[in-house]
Amino acid sequence: MVQPVTQTRDHDAVDMPPALQLPTPGVWQRWQRVEHVFLAIMLGVGFLAAWEYLSQHALIEPVLFPPPSKTAAAWWYLVRSDFFMRHFTVTLYEIIIGFALGSTIGLLFGTLLAMVRLVRLTLYPYIIAFQALPKVVLAPLFIVWFGFGPESKIATAVAICFFPVLVNTLVGLQLVDENALKLLRSLRASSWQTFVKVRLPNALPHIFAGLKTSLTFAMIGAIVAEFLTGAADGLGRLVQIYNLQIQVHLALAVVVIVSALGLIGVTLMDAIDRRVVFWRDRSGGR
């Protein structure tokens with residue numbers, strides 16, 4: 001009784017149409033997955049090698065464009081020094097607090113503007129006007145209001161980074177499938193249930209896109225504020241000192257560290273994005 005069933009299943013597996021059989025990934029498919037990474041690495045290595053050659057042979061001014069090997073040595077000197085960690089922790093603190101406050105304000109205001117039409121019509125023009133204002137002109141005011149400490153740098157970071165989260169939250173909460181809203185209305189769902197079940201999941205990809213942009217803006221705001229306010233500590237202050245001393249290799253080393261910090265932050269945000277918005281990977285959104 002069992003033997004015929006086994007034979008039938010084997011027969012079905014043999015007669016499966018070739019179009020339904022999953023192809024085995026070959027060498028070419030695996031190469032395509034890592035091709036962009038390889039090309040990016042080769043581009044960077046080629047650029048640094050050309051810079052090293054031109055600077056070492058004085059084809060470009062070595063003082064103004066020090067070779068990457070000298071910049072790497074300066075980077076190693078900085079990361080091992082005690083004074084650098086003091087400057088680094090001050091800037092990192094300003095970025096984290098500024099990003100947390102700015103993104104929270106943007107998320108709350110974006111939700112409020114998306115859900116309450118009267119608030120959107122009343123406040124949105126003022127928010128646009130504030131965003132159009134160059135934040136550099138606010139730095140002296142922030143010094144007067146908050147002093148020369150980290151508070152003025154945090155305020156600058158908040159002023160710069162809140163808007164991307166606000167706009168992306170507003171757009172994401174409004175771009176909802178009308179049929180989904182009609183279905184929930186037919187089921188007599190409350191406004192809160194509609195927000196949690198439909199609007200918020202739909203807005204999450206937009207919100208995370210705004211958070212990634214906001215993180216880079218918070219870094220720009222904190223470091224630029226250190227330039228403008230004459231801060232005693234911070235990576236911006238280090239760059240300013242090294243530029244005045246024409247130690248370009250040390251200034252470039254600080255720039256490399258800032259770039260690495262931004263790359264790490266965006267990578268972490270991207271990992272959280274993939275974890276929270278897991279359905280986007282399943283639907284082939286990436």
Side-chain angles (χ1 to χ4, degrees), residues 86-116 119-120 122-173 195 200 203-237 258-259 261-273 275-277:
R86 184 182 75 251
H87 291 280
F88 179 80
T89 52
V90 167
T91 300
L92 184 62
Y93 170 77
E94 294 167 354
I95 292 172
I96 292 175
I97 301 301
F99 170 70
L101 291 176
S103 58
T104 301
I105 293 172
L107 183 62
L108 293 178
F109 269 90
T111 303
L112 186 62
L113 267 61
M115 304 305 296
V116 184
V119 175
R120 180 170 65 253
T122 304
L123 295 183
Y124 196 64
Y126 294 100
I127 295 175
I128 294 296
F130 178 78
Q131 177 62 21
L133 179 68
K135 305 305 182 293
V136 176
V137 302
L138 295 177
L141 292 176
F142 289 151
I143 295 176
V144 175
W145 293 338
F146 303 107
F148 288 93
E151 293 80 7
S152 58
K153 289 79 174 176
I154 293 173
T156 306
V158 171
I160 293 178
C161 77
F162 89 98
F163 191 74
V165 180
L166 184 149
V167 171
N168 281 269
T169 302
L170 176 61
V171 171
L173 291 175
F195 177 82
L200 183 58
L204 282 177
H206 302 272
I207 292 174
F208 274 102
L211 288 173
K212 295 171 191 177
T213 305
S214 179
L215 179 59
T216 59
F217 281 7
M219 295 182 60
I220 294 172
I223 295 175
V224 169
E226 291 172 353
F227 278 120
L228 298 175
T229 60
D233 298 312
L235 296 181
R237 179 59 175 166
V258 172
S259 300
L261 181 62
L263 180 61
I264 292 172
V266 173
T267 302
L268 289 176
M269 289 299 304
D270 194 55
I272 298 173
D273 182 9
R275 171 75 66 170
V276 175
V277 195

Participant: Check the surroundings of atom OH in Y93: do more than 12 heavy atoms from other residues, nucleotides or ligands lie under 6.0 Å from it?
Facilitator: no

Participant: Taking side-chain contact (heavy atoms from CB on, under 4.5 Å) as the definition, give me every residue that meets it alongside L112, ordered by chain and number, with sequence neighbours left out.
Facilitator: V116, V119

Participant: NZ/K153 to CD1/I97 distance, rounded to the nearest 0.5 angstrom?
Facilitator: 15.0 Å

Participant: Among pairs that include at least one residue of residues 86-114, which meet salt bridge (Lys or Arg N to Asp or Glu O under 4.0 Å), considering only residues two or more places apart or in two chains?
Facilitator: R86-D233

Participant: Name each donor-acceptor pair under 3.5 Å that joins a side chain in residues 98-109 to protein atoms two or more places apart or in another chain, with its distance.
Facilitator:
unit_1: S103; atom_1: OG; unit_2: F99; atom_2: O; d: 2.6
unit_1: S103; atom_1: OG; unit_2: A100; atom_2: O; d: 3.2
unit_1: T104; atom_1: OG1; unit_2: A100; atom_2: O; d: 2.6

Participant: Table please: side-chain donor-acceptor pairs of residues 214-225 below 3.5 Å, with sequence neighbours left out.
Facilitator:
unit_1: S214; atom_1: OG; unit_2: C161; atom_2: O; d: 2.6
unit_1: T216; atom_1: OG1; unit_2: T213; atom_2: O; d: 2.7

Participant: With rounding to the nearest 0.5 angstrom, report the NE2 to CG distance, H206 to L173.
Facilitator: 9.0 Å

Participant: Which residues satisfy the ring-ring contact (aromatic ring centres under 6.0 Å, His included) test with F195, sequence neighbours excluded?
Facilitator: W192

Participant: Search all heavy atoms of F227 against all heavy atoms of G236 and return the closest pair with its distance.
Facilitator: CE2-O, 3.3 Å

Participant: Is there side-chain contact between F163 and I128, with at least one heavy-atom pair below 4.5 Å?
Facilitator: yes

Participant: Apply side chain to side chain contact (heavy atoms under 4.5 Å, CB included) to D273 and K212, showing your working.
Facilitator: CA-CA 10 Å; D273 182 9; K212 295 171 191 177; 3.1 Å; yes

Participant: For A209, give me all partners under side-chain contact (heavy atoms from CB on, under 4.5 Å), at least two apart in sequence or on another chain.
Facilitator: N168

Participant: Roughly how far, to the nearest 0.5 Å, is OH of Y124 from CG of L170?
Facilitator: 6.0 Å

Participant: Considering non-hydrogen atoms only, spot the tightest contact between V277 and P205 and give its length.
Facilitator: CG1-CG, 3.7 Å

Participant: For S152, what residues pass the side chain to side chain donor-acceptor pair (under 3.5 Å) criterion, not counting sequence neighbours?
Facilitator: none

Participant: Among pairs that include at least one residue of residues 155-169, which meet salt bridge (Lys or Arg N to Asp or Glu O under 4.0 Å), considering only residues two or more places apart or in two chains?
Facilitator: none

Participant: Rounded to the nearest 0.5 Å, what separation is found between the CG atom of L204 and the OG1 atom of T169?
Facilitator: 9.5 Å

Participant: Tell me every residue that passes side-chain contact (heavy atoms from CB on, under 4.5 Å) with I272, counting only those two or more places apart in sequence or in another chain.
Facilitator: F208, V276

Participant: List for me each residue that meets side-chain contact (heavy atoms from CB on, under 4.5 Å) alongside L138, sequence neighbours excluded, and say none if there are none.
Facilitator: F130, L133, K135, L141, F142

Participant: Are the side chain of E226 and the backbone of L235 linked by a donor-acceptor contact shorter than 3.5 Å?
Facilitator: yes

Participant: Drop me the distance from I127's CD1 to T122's OG1, to the nearest 0.5 angstrom.
Facilitator: 10.5 Å

